[in-house]
There are 2 protein chains.
Amino acid sequence: MNILDLIALARMGCASKMTEISSSRLADALGSSQQTASRKIRDLEREEYIVREVLPRGQRIKLTSRGIEVLRTVHQELDKILQEHEPCTYIINGEVVSGLGEGSYYMKIKGYVDQFKSKLGFEPFPGTLNIKLKTEDDRRIRQTLQKLGGIRIQGFKQGDRTFGPVKCFRARVDELEAAIVIPDRTHHGFDKLEIISPKKIREALNLKDGDIVSVKVEV
Amino acid sequence: MNILDLIALARMGCASKMTEISSSRLADALGSSQQTASRKIRDLEREEYIVREVLPRGQRIKLTSRGIEVLRTVHQELDKILQEHEPCTYIINGEVVSGLGEGSYYMKIKGYVDQFKSKLGFEPFPGTLNIKLKTEDDRRIRQTLQKLGGIRIQGFKQGDRTFGPVKCFRARVDELEAAIVIPDRTHHGFDKLEIISPKKIREALNLKDGDIVSVKVEV
DNA sequence: ATTACTAATCATCGAGTAA
DNA sequence: TTTACTCGATGATTAGTAA
């Protein structure tokens with residue numbers, strides 16, 4: 001069994017529910033022929049990593065708990081490996097700048113706020129502190145965070161609007177409890193950092209535009 | 001390239017530094033022949049996932065940043081997949097064991113007690129119920145909690161002693177209101193769980209060492 | 001459009017062995 | 001002990017095609 005086959009199916013949605021996956025679609029994802037994908041699916045079924053339902057024109061697939069188990073094991077392995085490899089504390093310095101108010105908008109959306117509350121343990125002040133990263137080093141750390149797992153906030157739909165997934169990193173701005181927020185599909189470049197906190201950071205730390213702040217993040 | 005080969009090398013220490021790995025040792029880890037392991041190492045080197053140094057009797061291997069990158073990518077994939085798959089209620093089973101009395105010590109410290117009172121809504125009985133996790137599943141849930149946010153209790157200084165930050169998860173031990181307490185920098189391993197409650201759990205539920213209890217936690 | 005069989009081709013494996 | 005070669009055997013892949 002190749003773990004990548006299972007991952008491919010999982011990311012197509014088979015982890016959570018019966019999902020229509022034709023053998024040629026899996027073939028595309030794996031970069032193989034339709035025949036190979038078909039055989040791999042049969043193999044995974046035989047080894048009970050997936051269950052499926054073959055219909056007249058197509059099939060529906062879902063990972064079994066045994067399949068999920070495999071993914072979890074590998075995930076945990078990688079967790080350990082990467083944890084040891086990464087430094088556990090980063091310090092990012094940046095300049096306080098004014099945002100466009102979108103932060104304030106997003107921090108009022110219930111779908112986000114509820115998740116922040118349960119996953120970070122605090123209700124964010126409805127607004128974000130925007131930091132501009134001036135040095136290459138700081139931008140590099142930001143880019144590293146982008147790649148790391150962090151605390152995942154799931155995307156959701158509200159009305160006809162879709163709110164994308166973001167991730168967070170617990171941080172401290174001069175001892176003040178806070179979190180860095182990074183959208184999965186980031187719009188602005190790698191030189192901005194958005195920070196949330198239970199309090200209004202600007203007031204709590206008496207900050208104004210142009211001030212340099214130090215953000216400590218532990219991963 | 002098979003990701004499992006790279007993972008095997010990484011968990012043997014090659015992620016962080018040049019590490020002596022003979023082809024037969026890798027063969028053991030992969031469950032293959034020495035020849036196959038040797039060829040796989042050469043392949044990984046050719047594709048620049050690792051660098052190595054072949055000595056008269058042995059070799060030293062280290063993952064390149066390209067190699068680490070691959071692990072990180074897979075890790076992140078799995079992160080997303082498993083995140084969506086995680087349930088919001090966990091049930092942890094474990095065996096009641098005697099602690100060393102530290103729980104009782106910490107539960108008398110005002111700096112902690114006040115925070116428990118305000119953040120959990122109850123004053124903890126001055127003592128903890130210690131649970132030993134017997135199965136891999138239970139330990140995995142514990143490890144998951146470690147990563148999640150929970151209710152944060154801040155660290156503080158008192159005199160010349162520093163008390164580290166901990167986090168809590170509201171829980172129930174057989175319907176009894178309680179909370180799991182997990183120190184940020186945990187001293188003991190992942191097979192112990194400390195539980196606090198407004199009442200003395202042992203008496204309220206008539207428990208003794210060796211009894212199995214079920215802890216339900218919602219995140 | 002599907003899934004999946006067959007048969008030919010291609011890649012991988014490991015015993016034996018050299019250096 | 002090592003690493004790593006050759007080469008026959010075994011497995012995996014895919015084109016062609018049936019259903």
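In what follows, chains carry the letters A, B, and so on, assigned in the order in which the sequence lines appear, proteins first and then strands, with residues in each chain numbered from 1. Quick caveat, the model's predicted, so the values are computed rather than measured.
In this structure, B:Y106 and B:Y112 have perpendicular ring planes: the angle between them is above 60°, well past the 30° mark.
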Tabulate atom names and distances for all N/O pairs under 3.5 angstrom spanning the protein and nucleotides 6-9 of chain C.
none

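From A:L63, atom CG reaches atom CE of A:M18 across 10.5 Å, with rounding to the nearest 0.5 Å. One distance of note links NZ of A:K192 with CZ of A:R142; it measures 10.5 Å at 0.5 Å rounding. The distance from the CD1 atom of B:I212 to the NZ atom of B:K134 is 6.5 Å, given to the nearest 0.5 Å.
Each of B:T36 and A:S23 lies near DNA chain C, and the nucleotide nearest A:S23 is the one positioned closer to the 5' end. Nearest-nucleotide mapping onto DNA chain D: of A:Q34 and B:L55, the residue sitting toward the 5' end is B:L55.
Helix-axis bend for the helix from C:dT2-D:dA19 to C:dA19-D:dT2: the local axis fitted to the five terminal pairs at one end deviates from that at the other end by 40°, rounded to 10°.
Counting only residues at least two apart or in different chains, salt bridge (Lys or Arg N to Asp or Glu O under 4.0 Å) contacts with residues 26-35 of chain B are absent.
With a cutoff of under 4.0 Å to any heavy atom of chain B, the contacted region of DNA chain D is bounded 5' to 3' by D:dT2 to D:dC5.
Using a 4.0 Å cut-off between charged side-chain N and carboxylate O, B:E95 and B:K132 make no salt bridge. Here A:E136 pairs with A:R139 in a salt bridge; the nearest charged N to carboxylate O distance falls below 4.0 Å. Using a cut-off of 4.0 Å between Lys/Arg side-chain N and Asp/Glu carboxylate O, B:R57 and B:E20 are scored as not salt-bridged.
For the residue pair B:R140/B:T144, the side-chain donor-acceptor check at 3.5 Å is not satisfied.
A:Q59 places its CD atom 17 Å from the P atom of C:dA1, with the value rounded to the nearest Å. Going from atom CD1 of A:I61 over to atom P of C:dT2 covers 13 Å, rounded to whole Å.
Between A:F169 and A:Y90, the gap from one ring centroid to the other reaches at least 6.0 Å.
Residue A:S22 is in sugar-phosphate contact alone, with no base atom involved, counting any heavy-atom pair closer than 4.0 Å across all strands shown.
Side-chain atoms of A:T19 come within 3.5 Å of backbone atoms of A:K17 as a donor-acceptor pair (strictly under, hydrogens ignored).
Non-hydrogen atoms lying under 4.0 Å from DNA chain C are contributed by A:S38, A:R42, all within residues 37-51 of chain A. For residues 24-33 of chain B, proximity to DNA chain C is found at B:S32, B:S33, defined as any non-hydrogen atom under 4.0 angstrom from a strand atom.
B:R11 CZ: 12 or fewer foreign heavy atoms inside a 6.0 Å radius. Other residues, nucleotides and ligands contribute more than 12 heavy atoms inside 6.0 Å of the NZ atom of A:K62. For A:Q143, the CD atom sits in a packed shell: over 12 heavy atoms of surrounding residues, nucleotides or ligands are nearer than 6.0 Å.
Considering B:Q59, B:R39, B:K40, B:Q35 as possible partners of B:S23, the one that fulfils the side-chain contact (heavy atoms from CB on, under 4.5 Å) test is B:Q59.
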